[in-house]
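The structure appears below as structure tokens.
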Amino acid sequence: MNAANKGILIAIEGIDGTGKSTQVGLLARYLRGKGCEVIETREPTGGPYGRRIRELFVDRGSCTLEEELNLFIEDRRQHVREVIAPALERGLIVLTDRYYFSTAAYQGAAGMNPAEVFARNSFAPRPDLVILLTMSPEISLVRIRESRGEELNDFEQEDQLRRVAELFSSFDDPCIRSIDADASLEHVAREIQKAVDRLLLDNNYVCTGRRTV
Ligand code: TYD
């Protein structure tokens, strides 16, 4: 378990279109079924910095790369202070859809130095586990366009996504567990559950809450 935390912090990362949000929901349901108390959260958040970031989805060029990085970091600072740290302090399991690995990969792909991005995130609690959902950018783009019925946002342009995917797979932090997301939803969910069960066991984390599912 994270030395400073009583709870467990799990981040789900990966390029757009890998099904992160769906898998966060499925994992939360699985854990609640085991009697765990779970907080589901995401970045960018719905707070003021997150709202400004969402404006950039359609107009990324309206600020400098440094300003963009600052927005993601300030959004995370508030997220950690108001949501993540209090939940960990209460001993809960926190599932976050994206965390600072996304900043290192996306802002890294845009030209920032990933090592510096990691260093600027040292205020954020280290996750106990990072589930990195992997997929070829080509397939992810098809998924974004077809399944989500959405146009690509300014963070999702093809050559960018390719660089983001490369950076994600270059991170060698021991808390990262890569899972191939180009399989059925159920298969991916089971692989995630196995990794999380192992984590809870290794940390002697026992879910004692009432079963809610
Ligand atoms: P995403 O999770 O796709 O949000 P939504 O489901 O609302 O579209 O994240 C939005 C985009 O923000 C995504 O393309 C990746 C990008 N992003 C960064 O560039 N840096 C970061 O630190 C984070 C958290 C996200």
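In each ligand, atom 1 is the first atom listed, and ligand 1 is the first ligand listed. We use all heavy atoms of the structure for the numbers below, so side chains are in, but hydrogens, waters and symmetry mates are not.
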Would you mind checking if Lys20 and Glu13 are paired as a salt bridge, meaning a charged N to carboxylate O distance below 4.0 Å?
no

Does Arg98 pair with Asp16 as a salt bridge, N-O distance under 4.0 Å?
yes

Do the non-hydrogen side-chain atoms of Ile144 and Leu161 ever get within less than 4.5 Å of each other?
yes

At under 4.0 Å between heavy atoms, which part of Asp16 makes contact with ligand 1: side chain, backbone, both or neither?
side chain

Is there a nitrogen or oxygen of Arg42 sitting under 3.5 Å from a nitrogen or oxygen of ligand 1?
yes

Taking only non-hydrogen atoms of Gln107 and a 4.0 Å limit, the atoms of ligand 1 in range are 18 (C), 19 (O), 20 (N), 21 (C), 22 (O)

So if I count the atoms of ligand 1 from 1 in the order they appear, which ones are less than 4.0 Å from some heavy atom of Arg54?
4 (O), 7 (O)

Less than 3.5 Å between some nitrogen or oxygen of Arg60 and one of ligand 1, yes or no?
no

Under 3.5 Å, is there a donor-acceptor pair between the Gln78 and Arg81 side chains?
no

Which word best sums up how the rings of Phe101 and Phe171 line up, parallel for under 30°, tilted for 30 to 60°, or perpendicular for over 60°?
tilted

Can you confirm whether Pro127 sits close enough to Tyr100 that some side-chain heavy atom of one is under 4.5 Å from a side-chain heavy atom of the other?
yes

Would you check whether Phe57 reaches within less than 4.0 Å of ligand 1, judged by its heavy atoms?
yes

Looking only at distances, can you tell me whether any N or O atom of Arg98, backbone or side chain, sits closer than 3.5 Å to an N or O atom of ligand 1?
yes

Quick note on ligand 1: atoms under 4.0 Å from a heavy atom of Arg76 include exactly 22 (O), 24 (C)

Please determine whether any non-hydrogen atom of Glu68 lies less than 4.0 Å from an atom of ligand 1.
no

Per-atom filter on ligand 1: closer than 4.0 angstrom to a heavy atom of Phe72 are 17 (N), 18 (C), 19 (O), 20 (N), 21 (C), 22 (O), 23 (C), 25 (C)

Would you check if the side chain of Tyr49 reaches a backbone N or O of Arg76 as a donor-acceptor pair within less than 3.5 Å?
no

